[in-house]
Novice: 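Next up is a structure, given as structure tokens.
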Amino acid sequence: MAEPLKNMYTENFLQLFGEKVQSAYIPFDTNGFIHQVMDEKWDELELKERIRRISFTLGAFLPSNYEEALDILFAIDEHCSGFPYLFFPDFVEVYGQGEEHWDLSMKALERFTSKSSAEFAVRPFLLREPERMMQQMTTWAGHQSEHVRRLASEGCRPRLPWGQALPVFKRDPAPVLAVLELLKTDPSLYVRKSVANNLNDIAKDHPDVVIATAQRWKGTHPDTDWIVRHGCRTLIRKSIPEVMAMFGYADETDGAPLVTDASFSTDPALLRLGDNCELSYALQLREGDPVRVRIEYGIDFVKARGQVSRKLFLLSDKTVPGGTRLAGTRTHRFADLTTRRHYAGEHRIALLVNGQEAAFTMVELQL
């Protein structure tokens, strides 16, 4: 099992960081800083809580004047690159939100984002002054650094994982889309991934807006086409007909179904929690032109009160000649996860082709 990210903040890491700070600010008390960060509750803190603890404590051991404290961080930031240094932009979030600090904080976030990422730290600024902050995002969208351009998109994602939600943009994504327009042909894949993820966020609240944007963008540039495809992935999983048609997923043609024959089975059909089962499928596609097919299986997981909730799992997504016979297997493990708890009962498993059910099978889960 992978080591939890929060464990990267070791005493040795903090010692080395303290020495860097002390090189620019001799009065810095490294030992006192470490002792206060790693107090008796340190082991209970998760990743973001540890980042915030370091930020707060850093503020207590640096000069109380925000400008002077930032000057010290500016003096050492070239030697503090990588994910662990997320507390640099977090320091700005904690101490730099005053109106008198606005310009300096924007300068600091722009500078620090290339060393780690300021995507979380910009969000309180967006929540407090969305129009002013989106003007800054618009400026950043034209920056020479791909890290800053990515921040222009990633920072205003309405549903950024690990980040504060942005209800104002959930309600009205127009200001976000205006920034994405500036980045839709960005030469950096790093930036384009963020634009696609931002579109995907918006699609969860405003599918019609994203569909219209995708239809307008598609075909204008190869890089934009990549963004459109990845930005519509949630809509594809929902098998929205106009989206499926946009990306060439066939359904019926002149009344002829795409799948003419299908089988789907599981072995074993009786499981206990933690067991694996092997899913086997076979499909016969209609004769004719090449077709794009997206093959998934959807498990109707039994919930605590007996209701079911479907989760989709991708098996294949490709273009094949008409008349092709497709077959495959997939091992699925029925084990509890941090995001899913299993309950006893019959679980229906559907085989889906381009969003349409082609066959199904059943498994019985016993706890």
Side-chain angles (χ1 to χ4, degrees), residues 119 134 137-138 140-143 146 149-161 166 169-254 256-259 285-286 288-296 312 314-322 324 352-356:
E119 65 204 61
M134 288 307 290
M137 298 297 219
T138 300
W140 282 341
H143 199 277
E146 65 175 354
R149 298 198 306 275
R150 178 184 178 272
L151 176 61
S153 169
E154 197 73 4
C156 64
R157 284 179 58 183
R159 295 172 173 268
L160 179 68
L166 300 176
F169 297 141
K170 285 185 180 180
R171 292 191 297 269
D172 179 15
V176 178
L177 287 166
V179 171
L180 301 189
E181 285 281 351
L182 301 174
L183 299 169
K184 68 178 185 292
T185 58
D186 197 277
S188 168
L189 179 60
Y190 186 48
V191 177
R192 296 198 301 273
K193 285 182 177 179
S194 177
V195 174
N197 289 335
N198 204 326
L199 273 185
N200 191 57
D201 279 3
I202 296 170
K204 295 172 183 177
D205 297 301
H206 300 278
D208 292 344
V209 171
V210 172
I211 291 170
T213 300
Q215 290 171 334
R216 181 164 50 82
W217 284 8
K218 194 171 184 295
T220 60
H221 191 282
D223 288 341
T224 309
D225 285 349
W226 185 93
I227 290 172
V228 169
R229 174 65 178 77
H230 287 268
C232 288
R233 60 186 183 273
T234 292
L235 302 178
I236 291 172
R237 283 198 294 269
K238 292 183 176 180
S239 303
I240 296 176
E242 55 200 299
V243 176
M244 300 300 279
M246 189 190 315
F247 295 104
Y249 293 102
D251 185 10
E252 293 188 1
T253 301
D254 298 328
L258 173 61
V259 179
L285 304 182
R286 66 169 180 247
D289 295 332
V291 291
R292 184 164 187 171
V293 290
R294 181 181 177 87
I295 305 172
E296 301 166 287
L312 296 177
L314 182 63
L315 289 166
S316 178
D317 189 332
K318 60 186 176 181
T319 300
V320 298
T324 296
L352 304 167
V353 182
N354 291 358
Q356 304 300 311

Novice: Would you call P158 and N198 a side-chain contact if the rule is heavy atoms closer than 4.5 Å?
Specialist: yes

Novice: Between D317 and R229, is there a salt bridge with N-O shorter than 4.0 Å?
Specialist: yes

Novice: Does T220 use its side chain to pair, donor to acceptor, with the backbone of W217 at less than 3.5 Å?
Specialist: yes

Novice: Looking at CD1 of I240 and CD1 of I211, how far apart are the two atoms once the value is rounded to the nearest 0.5 Å?
Specialist: 4.5 Å

Novice: For the side chain of D223 and the backbone of T185, is there at least one donor-acceptor N/O pair under 3.5 Å apart?
Specialist: no

Novice: Around K204, counting heavy atoms of other residues, nucleotides and ligands shown, do more than 12 lie under 6.0 Å from its NZ?
Specialist: yes

Novice: First locate atom OG1 of T213, then atom CG of D208, and finally report the distance between them rounded to the nearest 0.5 Å.
Specialist: 10.5 Å

Novice: On a heavy-atom basis, which atom in M246 and which in A214 lie closest, and how many Å separate them?
Specialist: SD-CB, 3.9 Å

Novice: Would you please name every residue forming a salt bridge (Lys or Arg N to Asp or Glu O under 4.0 Å) with R149, sequence neighbours left out?
Specialist: D186

Novice: Just checking, any donor-acceptor pair under 3.5 angstrom between side chains of T234 and N200?
Specialist: yes

Novice: Quick one, V243 with I236, criterion side chain to side chain contact (heavy atoms under 4.5 Å, CB included). Give me CA distance, side-chain angles, the key distance, then yes/no.
Specialist: CA-CA 6 Å; V243 176; I236 291 172; 3.8 Å; yes

Novice: State whether a side-chain donor-acceptor pair under 3.5 Å links R233 with N197.
Specialist: yes

Novice: Taking all heavy atoms of V195 and all of I227, pick out the closest pair and write down the distance.
Specialist: CG1-CG2, 3.7 Å

Novice: Identify the two heavy atoms, one from R157 and one from L166, that lie closest to each other, and give their separation to 0.1 Å.
Specialist: O-CD1, 3.7 Å

Novice: Backbone N or O of G322 within a donor-acceptor pair of the R286 side chain at under 3.5 Å?
Specialist: no

Novice: Does R292 qualify as a cation-pi partner of F247, given the criterion of NZ or CZ under 6.0 Å from the six-membered ring centre and within 45 degrees of its axis?
Specialist: no

Novice: Say whether, by atom type as modelled, one donor and one acceptor occur between the side chain of D225 and the main chain of K218 under 3.5 angstrom.
Specialist: no

Novice: Should R237 and E296 count as an ion pair when the cut-off is N to O under 4.0 Å?
Specialist: no

Novice: To the nearest 0.5 Å, what is the distance between CG on L314 and CZ on R294?
Specialist: 4.5 Å

Novice: Could you state the interatomic distance from CG (D205) to CG (D172), rounded to the nearest 0.5 Å?
Specialist: 11.5 Å

Novice: Does V210 form a side chain to side chain contact (heavy atoms under 4.5 Å, CB included) with C232? I'd like the steps, not just the answer.
Specialist: CA-CA 8 Å; V210 172; C232 288; 4.2 Å; yes

Novice: About how many Å separate NE2 of H206 and CZ of R171, when rounded to the nearest 0.5 Å?
Specialist: 9.5 Å

Novice: Quick one: does H221's side chain get under 4.5 Å of W226's, heavy atoms only?
Specialist: no

Novice: Which heavy atom of V191 sits nearest to which heavy atom of R150, and what is that distance?
Specialist: CG2-N, 3.9 Å

Novice: Does a sphere of radius 6.0 Å around NZ in K170 hold more than 12 heavy atoms from other residues, nucleotides or ligands, not counting ones at 6.0 Å or beyond?
Specialist: yes

Novice: Just do the side chain to side chain contact (heavy atoms under 4.5 Å, CB included) check on S153 and L180 with the steps written out, would you?
Specialist: CA-CA 7 Å; S153 169; L180 301 189; 3.6 Å; yes

Novice: Is there a side chain to side chain contact (heavy atoms under 4.5 Å, CB included) between Q356 and L258 once you walk through the steps?
Specialist: CA-CA 10 Å; Q356 304 300 311; L258 173 61; over 6 Å; no

Novice: How many angstroms lie between atom CG of L352 and atom CG of L312, to the nearest 0.5 angstrom?
Specialist: 6.0 Å

Novice: Taking all non-hydrogen atoms of both residues, which atom of L183 and which atom of A141 are closest, and how far apart?
Specialist: CD2-O, 3.5 Å

Novice: Quick check: closest heavy atoms across V320 and T324, and the distance to 0.1 Å?
Specialist: CB-OG1, 3.9 Å

